[in-house]
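These figures come from a predicted structure and were not determined experimentally. To find a chain, count down the sequence lines: A is the first, B the second, and so on, and within it residues start at 1.
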There are 2 protein chains.
Amino acid sequence: MQRSKTANQILKAAEALFSEQGFSETTMRQITAAADVNLAAVNYHFGSKQGLIQAVSEKYLTPFCDYIDDAVTERLSSQSGVTVTSDELMEMVMRALLEVRHDNTHALSMFMRLLDLSYMKSQSVLREYMFLQHHVKLERFLELLRNDSSPMEDDEFFWRLHFLMGSMVFTLSNFHTLIAIEKSEFDKEVEIEKVLHRMIPVLTAGLQARSDKTFFCRL
Amino acid sequence: MQRSKTANQILKAAEALFSEQGFSETTMRQITAAADVNLAAVNYHFGSKQGLIQAVSEKYLTPFCDYIDDAVTERLSSQSGVTVTSDELMEMVMRALLEVRHDNTHALSMFMRLLDLSYMKSQSVLREYMFLQHHVKLERFLELLRNDSSPMEDDEFFWRLHFLMGSMVFTLSNFHTLIAIEKSEFDKEVEIEKVLHRMIPVLTAGLQARSDKTFFCRL
DNA sequence: ATATTTTTTATATAGATGTTTTAAACAAGA
DNA sequence: TCTTGTTTAAAACATCTATATAAAAAATAT
């Protein structure tokens, strides 16, 4: 979608502020001041603050899902074998994340914060807006992922997916803070690509772990 | 700490609202209305809204850390062998989470949301308040955990810990939403103990996964 | 019982919030 | 030139925000 210069300035400023402060903590006046546009511009272009939030979600979620779906298509066409390792699949996710980021440093943190927000009880509208539209694009990916996971029930797979999602959402939405802590504790500051790379074996291991059938009572 | 009846009503109401809506989305008027106390009561008993947030953090973080430390002590005394499996250690965490919950359904979600909040850039005061005090209590636990993890550098362990933390924080702070989704998709509603139990093998697998040394570029 | 302290109440304050309005300007196309 | 879509400016909107104050009430002490 082609957007006006003002609308893009608003989006850029909003992303940075959202990623640093969160959504409800960020005010329209902060956004328009940072974007150097008039206060009324947000309501003009996006209808409301919630409309702006939905706009940024659309801006990142669609390319993200498309990238993954494209990667799946390419992978399946290059080789007839239907087994794709979860390592490969996770790498697709990480590449997709880096891709949607573009040059914007704050984009990834905001994207993940948005995912987090969508799971809030009060944000069912946003959640349905985000998922019901893009869920289809990820179906093949999820099926491949499941094929290389430990055998389990549907709902167990559901929960494991959200365990992994939690790792990504938490780590990336709080990335700046974590980098700062790492800096102060280990005097080392690692780039985001490295962190994403480090997540891959952890996440795949989580998927392939044998589910423990023993009952949760060893008192 | 012995608390007045009013203060306890406030805490209980605040926990429920915080867990459902988040912190800045919850107003003093909502809290005091739900607690059926006067608006000024929060400022009287806790000084400010931030003071109330710190009070709930203190209320849950201290017992949580104590429980884990006690469990470590008991485990080390019962057997001279110094190797404790990460499965056992993770189970300690899950038990500690269930313990601090008490009868309050929302307590766990709020506790996890608090942990999430503490990693926000603007909440460095809360973060230091929460961690610098309780970090010591978890030292032995973390050392044992590291002993049963895949060999890795200090900063890699740091990141992996936060990957796992993310799983817990995300899953539990959004527990009510996830339960609702599970209900609608699988017509199944699993209790929190089961979910915590399902996390154990996933988390330990993440810690024991062999770190991938290959460079992140297979283009 | 009286004095003192603690707690609760009702009300006020000062400011921030998202949103709307009115006005005027600007650009581009028909 | 008339029209249409943008953008700015400034102000006002109604509502909500956390917090402060001061009097009333209750509890506790002497």
Just the atom pairs and distances: protein N or O near nucleotides 18-28 of chain D's N or O, under 3.5 Å.
from: D:dA18; atom 1: OP1; to: B:Met28; atom 2: N; distance (Å): 3.4
from: D:dA18; atom 1: OP1; to: B:Lys49; atom 2: NZ; distance (Å): 3.2
from: D:dA18; atom 1: OP2; to: B:Met28; atom 2: N; distance (Å): 3.0
from: D:dA18; atom 1: N7; to: B:Arg29; atom 2: NH1; distance (Å): 3.2
from: D:dA18; atom 1: N6; to: B:Arg29; atom 2: NH2; distance (Å): 3.3
from: D:dT19; atom 1: OP2; to: B:Lys49; atom 2: N; distance (Å): 2.9

Show the distances under 3.5 angstrom between N or O atoms of the protein and N or O atoms of nucleotides 27-30 of chain C.
none

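Residues satisfying the side chain to side chain contact (heavy atoms under 4.5 Å, CB included) test with B:Asp66, not counting sequence neighbours, are B:Thr62, B:Lys137. Legend: residues meeting side chain to side chain contact (heavy atoms under 4.5 Å, CB included) with A:Gln50, ordered by chain and number and at least two apart, are A:Ser48, A:Ile53, A:Gln54, A:Gln123, A:Leu126. Residues meeting the salt bridge (charged side-chain N to carboxylate O under 4.0 Å, His left out) test with B:Arg198, sequence neighbours left out: A:Asp155, A:Glu156. By the salt bridge (charged side-chain N to carboxylate O under 4.0 Å, His left out) test, A:Arg127 pairs with no residue at all, sequence neighbours left out. Applying the side chain to side chain contact (heavy atoms under 4.5 Å, CB included) rule to B:Glu143 yields no partners; only residues at least two apart in sequence or on another chain are considered. Shown here are the salt bridge (charged side-chain N to carboxylate O under 4.0 Å, His left out) partners of A:Asp70, two or more places apart in sequence or in another chain: there are none.
When rounded to the nearest whole Å, the span between CD1 of A:Ile10 and P of D:dT6 equals 12 Å. In this structure, B:His45 places its NE2 atom 6 Å from P of C:dT7, rounding to the nearest Å. Distance A:Leu52 CG to C:dT17 C1': 16 Å, rounded to the nearest Å. Per the geometry, CG belonging to A:Asp36 stands 12 Å off C1' belonging to D:dT7, to the nearest Å.
Screening residues 7-19 of chain A for salt bridge (Lys or Arg N to Asp or Glu O under 4.0 Å) gives A:Glu15-A:Lys59 as the qualifying pairs, with residues at least two apart or on separate chains. Every pair passing salt bridge (Lys or Arg N to Asp or Glu O under 4.0 Å) that includes a residue from residues 19-41 of chain A is listed here, sequence neighbours excluded: A:Glu20-B:Lys121.
Residue contacts for A:Val42: at a heavy-atom cut-off of 4.0 Å it reaches no nucleic acid atom on any strand shown.
Taking side-chain N and O atoms only, B:Ser4 has no distance below 4.0 Å to OP1 or OP2 of C:dT6. OP1 and OP2 of D:dT7 both lie 4.0 Å or more from every side-chain N or O belonging to A:Tyr44.
Stems are defined here as 3 or more consecutive Watson-Crick or G-U wobble pairs with pairing distances under 3.5 Å; those involving DNA chain D are C:1-6 with D:25-30, C:8-17 with D:14-23, C:19-22 with D:9-12, C:24-30 with D:1-7.
The closest side-chain donor-acceptor pair between B:Ser122 and A:Gln21, if any, does not fall under 3.5 angstrom.
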Review point. Going through the distances and angles, do B:Glu99 and B:Arg95 end up as a salt bridge (Lys or Arg N to Asp or Glu O under 4.0 Å)?
Key: CA-CA 6 Å; B:Glu99 192 70 19; B:Arg95 284 188 193 284; over 6 Å; no
List, one per line, each side-chain donor-acceptor pair under 3.5 Å for residues 181-188 of chain A, sequence neighbours excluded.
from: A:Glu182; atom 1: OE1; to: A:Val190; atom 2: N; distance (Å): 3.3
from: A:Glu182; atom 1: OE2; to: B:Trp159; atom 2: NE1; distance (Å): 3.0
from: A:Ser184; atom 1: OG; to: A:Ile181; atom 2: O; distance (Å): 3.0

